[in-house]
Structure formats: C-alpha cells, structure tokens
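Working notes, structure below.
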Amino acid sequence: LADDPDRPARMPEDAGRSRETLEQEQQYIPVDIEELARKNEYLLIEGEPGCGKTTLLKQIALKMKRQAASETFELPVLVFLRDCITRLKEDDRFSAEEILEAYFSDHEHMRSCDTVKHYCERKRALFLVDGLDEVPDDKRDRVVKAFAEFRLKYGVRMLLSGRKHGVMGEAMQWFGKKYIKIHPFNNEQISMFVKRWCEHVFVKRPMEGRKTAEELCSELQLHEATA
C-alpha cells in the first residue's frame, strides 16, 4: 500500500488535528507504485525495514531492462548507497558524477559509466537510488543535493528510497512534492499474497499448493495471536 502523491494529503476539515490522529484515521488506497514511477519525473519513497523498498526498485529495473528493444527505452540505473559509504567517508565534497564513477569502479563496471552518460545526455535514464538512511547523517543532505542537481542538469527521472529518518531534511526539500510511503500488508493482504505465491510455485501441483498456503496462513494467524 502507498499514498498517491497526486492526491491531497489533507482535507480542509482536517485543520487543527494532529498528524498522528490523521494517520491513524486515514484509509489508504492501494496504488501501483510502478505506474506512479512511469508517470512521475521523480518519487521519494519511505518505508519501514522489510517492507519491500529495495525489492521494488529491483523489480522496476528488471522490467525496464526487458524493454531494451523499445524505442522509448530508458536505462535503469540501480544505485545502492550503502556501497558508496566508504567513498563518502573519504570526501567532504563530491558530486553525483563522482559518486557514480566511484560506484561503477568499485563494482568493476567501468564501461557502464560511459553507457550511463550516453543515456543521460539523451534524457533516457531512470535512476533508482536505494538506501538514503544508510548514508552517514553528516553526509546525507549533501548526497541528496548532489543527486537533485544531477537530475536537473540532465533532465533524467529519479526514484529515491529510505527509512523515515533517511527521507527527512534535504530529501524532503528537494523531492517531497512527490513523496509516497509504503505501508505494511494487513492480515488479509498477507494471506492473499501467500495463496498467490503458492499458486505460482506449485502450479503443477495445485492441491499441494493449497495445502501449503493453508498451513502458512495458519502459522501466521497463530503467530499473530501469541505475539
């Protein structure tokens, strides 16, 4: 579940009520984040640990890669900021270009850097920047600003993700107009996911799949009752 960034966050009658109260009472409407990614120039994605932020970015990158033959193909550039931490600790001043060059160098993909530049110059790249919360606190605002300036310079699209403390500050200033939050599944959604997953895995053994799904759902309900 996620909020649509194009939907008003508050109604006039919400004035004067606390943020906590509004969050508790608001009914979140499921939206397709991949669709939001397609129709927005940028997104700032918040989510708690394990909610699927990294998996989401990987999924988007994979789907885009499969469309490489399309005339409208955008190059997906997946950047894990946790792998840039050493570089960031060494330098007090840096640009997004320098971060990316060091990132590709560390991953032994020097040719990728030239490819990325080629697509950036043609405004046909989507940057998927994961792990804002994993950047040291004293470097995070500068990293965000570097990527924001990079986006404006080349006119490329960008998705950034992180836990709550990672998307505050400069990230909210630069990207907050398109901020969304991934919400955890409720029990009904978890059960539905488990059943569909088992249907997919046990496609040739449907009875075994249904039995496995029932057992998993029962264990989840038991865990919930004893937690």
Side-chain angles (χ1 to χ4, degrees), residues 1-10 19 22-23 26 28-61 63-64 74-85 87-88 93-100 102-103 116 119-121 123-184:
L1 290 177
D3 304 318
D4 188 332
D6 293 325
R7 211 161 41 89
R10 297 190 180 193
R19 177 180 177 181
L22 290 170
E23 288 182 346
Q26 185 176 5
Y28 295 106
I29 301 174
V31 295
D32 186 339
I33 299 182
E34 293 181 30
E35 179 62 27
L36 291 180
R38 281 190 290 271
K39 72 179 185 180
N40 285 283
E41 292 299 311
Y42 62 88
L43 288 177
L44 179 62
I45 304 171
E46 178 192 336
E48 295 304 313
C51 74
K53 299 183 299 297
T54 302
T55 301
L56 170 67
L57 298 188
K58 288 181 178 179
Q59 176 72 5
I60 292 174
K63 284 190 174 183
M64 293 182 66
E74 285 182 293
L75 180 71
V77 184
L78 188 57
V79 180
F80 298 109
L81 290 177
R82 64 173 177 268
D83 296 336
C84 305
I85 290 177
R87 167 74 175 180
L88 298 176
R93 305 177 71 176
F94 42 75
S95 64
E97 288 91 339
E98 290 171 328
I99 295 174
L100 292 170
Y103 179 78
V116 170
Y119 278 90
C120 284
E121 289 169 354
K123 296 180 171 58
R124 290 177 55 189
L126 171 63
F127 283 79
L128 305 155
V129 184
D130 182 62
L132 288 174
D133 54 283
E134 299 183 68
V135 178
D137 293 344
D138 62 331
K139 306 284 187 182
R140 188 178 303 117
D141 283 352
R142 277 177 284 175
V143 169
V144 170
K145 185 178 180 181
F147 275 99
E149 292 175 343
F150 181 89
R151 187 186 75 83
L152 294 174
K153 177 180 178 180
Y154 289 100
V156 296
R157 298 195 305 123
M158 192 170 290
L159 273 63
L160 303 95
S161 73
R163 302 179 190 179
K164 185 174 183 178
H165 69 276
V167 302
M168 296 294 107
E170 201 78 8
M172 198 61 71
Q173 291 294 323
W174 284 97
F175 299 98
K177 288 184 179 180
K178 295 295 182 179
Y179 160 83
I180 62 175
K181 182 177 180 179
I182 299 177
H183 301 281

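- For the pair L44/W174, no side-chain contact is recorded, criterion being any heavy-atom separation below 4.5 Å from C-beta on.
- For the atom pair CD1 of I45 and CG of L159, the computed distance is 4.5 Å after rounding to the nearest 0.5 Å.
- Applying the salt bridge (charged side-chain N to carboxylate O under 4.0 Å, His left out) test to K123 and every residue at least two apart in sequence or in another chain returns nothing.
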Discussion item. Under the criterion side-chain contact (heavy atoms from CB on, under 4.5 Å), I'd like the reasoning laid out for F147 against I99: C-alpha separation, chi angles, the key distance, then a yes or no.
Written reply: CA-CA 9 Å; F147 275 99; I99 295 174; 4.2 Å; yes

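- Expressed to the nearest 0.5 Å, how far CG of L152 lies from CE of M158 amounts to 9.0 Å.
- Nearest heavy-atom pair, I60 versus A37, reported as atom, atom and distance to 0.1 Å: CD1-CB, 4.2 Å.
- In this structure, CZ on R140 lies 10.0 Å from CG on L81, to the nearest 0.5 angstrom.
- Closest non-hydrogen pair, S95 versus A146, comes out as C-CB, 4.1 Å.
- In terms of heavy atoms, V79 sits closest to C84 at CG1-SG, 4.4 Å.
- For the atom pair CD of Q59 and CG of L128, the computed distance is 11.5 Å after rounding to the nearest 0.5 Å.
- Taking both residues in full, the closest heavy atoms of G166 and L132 are given as O-CB, 3.5 Å, listed atom of the first, atom of the second, then distance.
- Residues L100 and F127 meet the side-chain proximity criterion, which asks for heavy atoms closer than 4.5 Å.
- The aromatic rings of Y154 and F150 sit tilted, their planes meeting at an angle between 30° and 60°.
- None of T54, T55, L56 except one satisfies the side chain to side chain contact (heavy atoms under 4.5 Å, CB included) rule with K58; the exception is T54.
- Legend: residues meeting side chain to side chain contact (heavy atoms under 4.5 Å, CB included) with R157, ordered by chain and number and at least two apart, are E41, E74, L126.
- When all heavy atoms are compared, the tightest approach of D133 to R163 is OD1-N, 3.0 Å.
- Within the 4.5 Å cutoff, the side chain of V143 has no heavy atoms near those of the E170 side chain.
- Here K153 pairs with E97 under the salt bridge (charged side-chain N to carboxylate O under 4.0 Å, His left out) rule; sequence neighbours left out.
- Across all their heavy atoms, F175 and V144 have their closest contact at CE1-CG1, 3.9 Å.
- Under a 3.5 Å cut-off, the side chain of K53 and the backbone N or O of E48 do form a donor-acceptor pair.
- Put simply, CD on Q173 and CE on M168 are 10.5 Å apart, with the number rounded to the nearest 0.5 Å.
- Note that NZ of K164 and CD of E46 are 6.5 Å apart. Values are rounded to the nearest 0.5 Å.
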